[in-house]
Amino acid sequence: MNKPTNQDNVADKAAKMKTPSPKILTSSGIEIQPVYRPGKNSENALPGEFPFTRGPYASMYRQKVWTMRQYSGFGSAKETNGRFHYLLKNGQTGLSCAFDLPTQMGYDSDHSMAEGEIGRVGVAISHLEDMKLLLAGLPLEEISTSMTINATGATLLSLYVAVAKSKKVSPSLLRGTIQNDILKEYIARGTYIYPPEFSLKLVADSFRFANSIAPKWNPISISGYHIREAGSTAAQEIAFTLSNAFTYVQAAKDAGLELKDFVPRLSFFFNVHNNFFEEIAKFRVARKIYAEEMQKRYGAEKESLALRFHAQTAGSTLTAQQPINNAVRVAYQAMAAVLGGAQSLHTNSFDEALALPTEQSALLALRTQQILAAETGVAAVADPLGGAYFLEDLSRDLENKSLEIIRRIDEMGGMLKAIESGYVQREIQAAAFEAQKRIDAKDQILVGVNSYQMKEEATKNLHKLDPKIAKDQLQRLKKFKAARKSKLVEAALKRLSVEGEKLQRNQSAMVCEAILNAVEHGCTLGEVAQIFREIAGSHRS
């Protein structure tokens with residue numbers, strides 16, 4: 001019997017290589033090949049160079065790592081303030097605040113719509129004294145603060161400025177961001193109040209206000225995060241987020257603002273999902289498309305078009321089953337955000353599929369970032385995966401898919417038309433349905449959910465909301481209203497109404513200055529929102 005020759009072995013290997021491998025797709029439907037070779041898709045521009053595909057800054061994290069900004073906010077202003085101090089003491093470098101649903105929807109804590117929701121998914125803020133308590137003992141001139149607030153974003157920014165002024169801190173020193181991205185509320189999240197047209201005018205006025213009084217402040221964080229949480233693909237997250245951005249730019253221009261006065265302060269907020277390489281490609285592609293489209297559409301200065309973004313690990317990927325596994329998911333997602341060039345990062349706590357994070361789980365989430373920054377070496381090189389054949393090809397395919405969606409929205413007449421027609425919502429729902437089908441069929445494995453399951457005991461030591469918080473909040477609000485001067489409140493609300501009417505009629509208005517005046521003279525968040533409801537009405541989907 002003859003022994004096989006080297007030539008036979010080579011032939012056998014070749015035959016095996018011809019065996020078709022299973023088809024693997026990303027969330028955006030891009031087919032992944034078994035191996036990648038040098039191609040024509042390499043990005044020539046360096047980090048810090050237009051169109052910023054490889055990163056917004058030349059040296060990236062070598063001199064300063066990303067801002068570690070853990071999202072916090074629950075119960076009372078006092079309790080949340082305690083969590084802020086705890087995280088800063090343990091090395092967090094920026095604050096990020098969650099607000100409860102009444103605050104997001106423009107209701108004071110004593111409104112009937114607030115019953116049962118006070119402090120439940122964030123901190124309750126109804127007036128200036130609440131805000132002072134939230135920020136007590138914090139050096140506002142030294143830290144940066146992000147506030148996840150949209151329909152009432154201008155009011156929360158005014159409250160923040162009012163607290164700074166009360167501490168003798170110049171608003172010109174304030175650094176931070178209000179989310180203020182109302183369009184994605186109509187698409188994916190639902191905490192809108194007013195009709196889209198009035199909401200856009202209010203956003204544009206907040207751009208003007210921030211530029212005039214707090215020029216270091218980012219007046220918007222255009223958010224793909226919630227679009228992805230609702231079930232979109234990576235390509236849809238890019239396309240819908242950037243189409244929203246172009247709508248805000250146009251609204252600001254229509255309001256008479258110069259590009260130079262607000263474009264450099266635009267910021268973004270993206271999700272970090274499970275597909276490691278697709279997520280890295282997503283961040284690269286978002287920067288490239290934004291820079292090139294802004295240049296083409298508006299002639300914006302190239303140096304102002306370095307897309308800067310905050311990232312948060314995907315809440316929708318956290319599982320109630322075997323929750324400790326979430327710590328591993330979060331770590332990989334955090335690394336994808338850093339390799340993709342995030343400027344700021346929140347890492348979810350492993351128990352958030354079950355409850356608000358405990359102090360221990362929040363600390364582990366923060367330590368995850370600190371280990372990533374200090375021990376892995378990822379911060380040593382700008383764009384460490386740049387030039388990887390797979391990543392470059394994947395980025396180009398993802399760019400093409402995203403641009404295809406953006407062009408379709410343009411043909412519809414822009415993002416407002418696309419939202420009003422239901423196109424955006426339907427596309428996200430269809431993507432979410434397809435993703436769930438893959439999980440149900442086990443084409444997509446979720447460890448502990450549809451595979452590697454085990455019997456579990458109930459998770460212990462979860463965070464529980466103290467029922468006394470709502471009672472204390474209502475007592476404080478009652479005391480605040482009783483102590484204020486009614487004539488000053490009436491005058492401030494009248495001034496706000498006048499400015500709001502001007503805004504509604506597309507006349508020159510200074511609405512945010514009127515909001516600041518109102519909260520400084522004892523008006524509540526709910527009273528400010530009610531003025532705008534009377535002027536513009538409430539939106540019904």
Handout entry: Spacing of CZ belonging to Phe532 relative to OG1 belonging to Thr152, to within rounding of 0.5 Å
Key = 11.0 Å
Exercise for the section: Evaluate whether atom CD of Gln436 has more than 12 neighbouring non-hydrogen atoms of other residues, nucleotides or ligands under 6.0 angstrom away. Expected result: yes
Exercise for the section: Identify which one of Gln236, His273, Arg228 satisfies the side-chain contact (heavy atoms from CB on, under 4.5 Å) criterion when paired with Ser27. Expected result: Arg228
Problem - Axial cation check for Tyr107 ring with Arg533, 6.0 Å and 45° limits - result: yes
Exercise for the section: Just do the salt bridge (charged side-chain N to carboxylate O under 4.0 Å, His left out) check on Glu279 and Lys282 with the steps written out, would you? Expected result: CA-CA 5 Å; Glu279 293 303 290; Lys282 180 182 76 181; 2.6 Å; yes
Handout entry: Charged N-O contact under 4.0 Å between Lys401 and Glu404
Key = no
Completion exercise
When rounded to the nearest 0.5 Å, the distance separating CD1 of Ile220 from OG of Ser267 is 8.0 Å
Practice task
Verify the distance criterion only: is there a donor paired with an acceptor across the side chains of Tyr160 and Thr145 at less than 3.5 Å?
Solution key: yes
Handout entry: Shortest non-hydrogen separation from Gly55 to Met60 and the atoms involved
Key = CA-SD, 4.1 Å
Handout entry: 4.5 Å side-chain heavy-atom contact, Phe74 and Pro357
Key = no
Handout entry: Qualifying residue for side-chain contact (heavy atoms from CB on, under 4.5 Å) with Leu202, from Asn180, Ile182, Thr155, Val511
Key = Val511
Practice task
Test side chain to side chain contact (heavy atoms under 4.5 Å, CB included) on Ile531 and Glu527 and set out the steps.
Solution key: CA-CA 6 Å; Ile531 291 292; Glu527 289 167 340; 6.0 Å; no
Exercise for the section: Compute whether any side-chain donor of one residue and acceptor of the other, for Glu185 and Thr191, lie under 3.5 angstrom apart. Expected result: yes
Practice task
Give a yes-or-no answer on whether the side chains of Arg69 and Ser344 include a donor-acceptor pair shorter than 3.5 Å.
Solution key: yes
Practice task
State whether the number of non-hydrogen atoms from other residues, nucleotides or ligands found under 6.0 Å of Tyr452 atom OH is greater than 12.
Solution key: no
Handout entry: Side-chain donor-acceptor pair present, Asp181, Ser223, cut-off under 3.5 Å
Key = no
Exercise for the section: Say whether Asp130 and Gln473, considering side chains only, have a donor N or O and an acceptor N or O under 3.5 Å apart. Expected result: yes
Practice task
Would you indicate whether the side-chain heavy atoms of Gln250 and Tyr298 approach each other to under 4.5 Å?
Solution key: yes
Handout entry: Ion pair check, Glu499 and Lys201, cut-off under 4.0 Å
Key = no
Problem - Side-chain heavy atoms of Arg329 within contact of Val447, under 4.5 Å - result: yes
Problem - Value rounded to 0.5 Å, distance of CD1 in Ile30 from CG in Leu398 - result: 4.5 Å
Practice task
Would you tell me whether Ser361 and Asp351 have side-chain atoms, one donor and one acceptor, within less than 3.5 Å of each other?
Solution key: yes
Handout entry: Validation row: Met415, Ile419 side chains within 4.5 angstrom (heavy atoms)
Key = yes
Handout entry: Pair Glu292 + Lys296, salt bridge at N-O below 4.0 Å
Key = no
Handout entry: Check ion pair Glu399-Arg396 (N to O, under 4.0 angstrom)
Key = yes
Fill in the blank from the handout: Sorted by chain and number, sequence neighbours left out, ring-ring contact (aromatic ring centres under 6.0 Å, His included) with Phe350 holds for none
Handout entry: Pairwise side-chain contact, Tyr423 with Arg426, heavy-atom cut-off 4.5 Å (strictly under)
Key = yes
Handout entry: Steps toward side chain to side chain contact (heavy atoms under 4.5 Å, CB included) verdict (Leu183, Val203)
Key = CA-CA 10 Å; Leu183 290 178; Val203 169; over 6 Å; no
Exercise for the section: Side-chain contact test, heavy atoms from C-beta onward, threshold under 4.5 Å: evaluate it for Phe283 versus Leu307 and give yes or no. Expected result: no
Exercise for the section: Assess whether side chain to side chain contact (heavy atoms under 4.5 Å, CB included) is satisfied between Gln179 and Ile149, documenting all intermediate values. Expected result: CA-CA 6 Å; Gln179 192 164 100; Ile149 196 75; 5.7 Å; no
Problem - All salt bridge (Lys or Arg N to Asp or Glu O under 4.0 Å) counterparts of Glu79, not counting sequence neighbours - result: none
Fill in the blank from the handout: Rounded to the nearest 0.5 Å, the CG atom of Asn275 sits from the OG1 atom of Thr26 at a distance of 6.0 Å
Handout entry: Side chains of Gln104 and Asn150, donor plus acceptor under 3.5 Å
Key = no
Practice task
Please check if atom CZ in Arg189 has more than 12 non-hydrogen atoms from other residues, nucleotides or ligands closer than 6.0 Å.
Solution key: yes
Problem - Pair Arg284 + Glu392, salt bridge at N-O below 4.0 Å - result: yes
Exercise for the section: Please tell me if the side chains of Tyr186 and Pro196 come closer than 4.5 Å, counting only heavy atoms from C-beta onward. Expected result: yes
Handout entry: Distance-only donor-acceptor check, side chains Asp100 and Thr103, under 3.5 Å
Key = yes
Handout entry: Candidate pair Leu366 and Thr347, rule side chain to side chain contact (heavy atoms under 4.5 Å, CB included), full reasoning
Key = CA-CA 7 Å; Leu366 176 58; Thr347 35; 5.8 Å; no
Exercise for the section: State plainly whether the residues Asp205 and Arg208 are in salt-bridge range, i.e. N to O under 4.0 Å. Expected result: yes
Problem - Contact check, side chains of Asn244 and Ile187, non-hydrogen atoms, under 4.5 Å - result: yes
Handout entry: Test ring-ring contact (aromatic ring centres under 6.0 Å, His included) applied to Phe270 and Phe309, Phe240, Tyr290, the passing residue
Key = Phe309
Practice task
Cation-pi check, Arg297 to Phe246: give yes when NZ or CZ is under 6.0 Å from the six-membered ring centre and within 45° of the ring axis, no otherwise.
Solution key: yes
Practice task
Over 60° means perpendicular and under 30° means parallel, so classify the ring planes of His310 and Phe269, tilted if in between.
Solution key: tilted
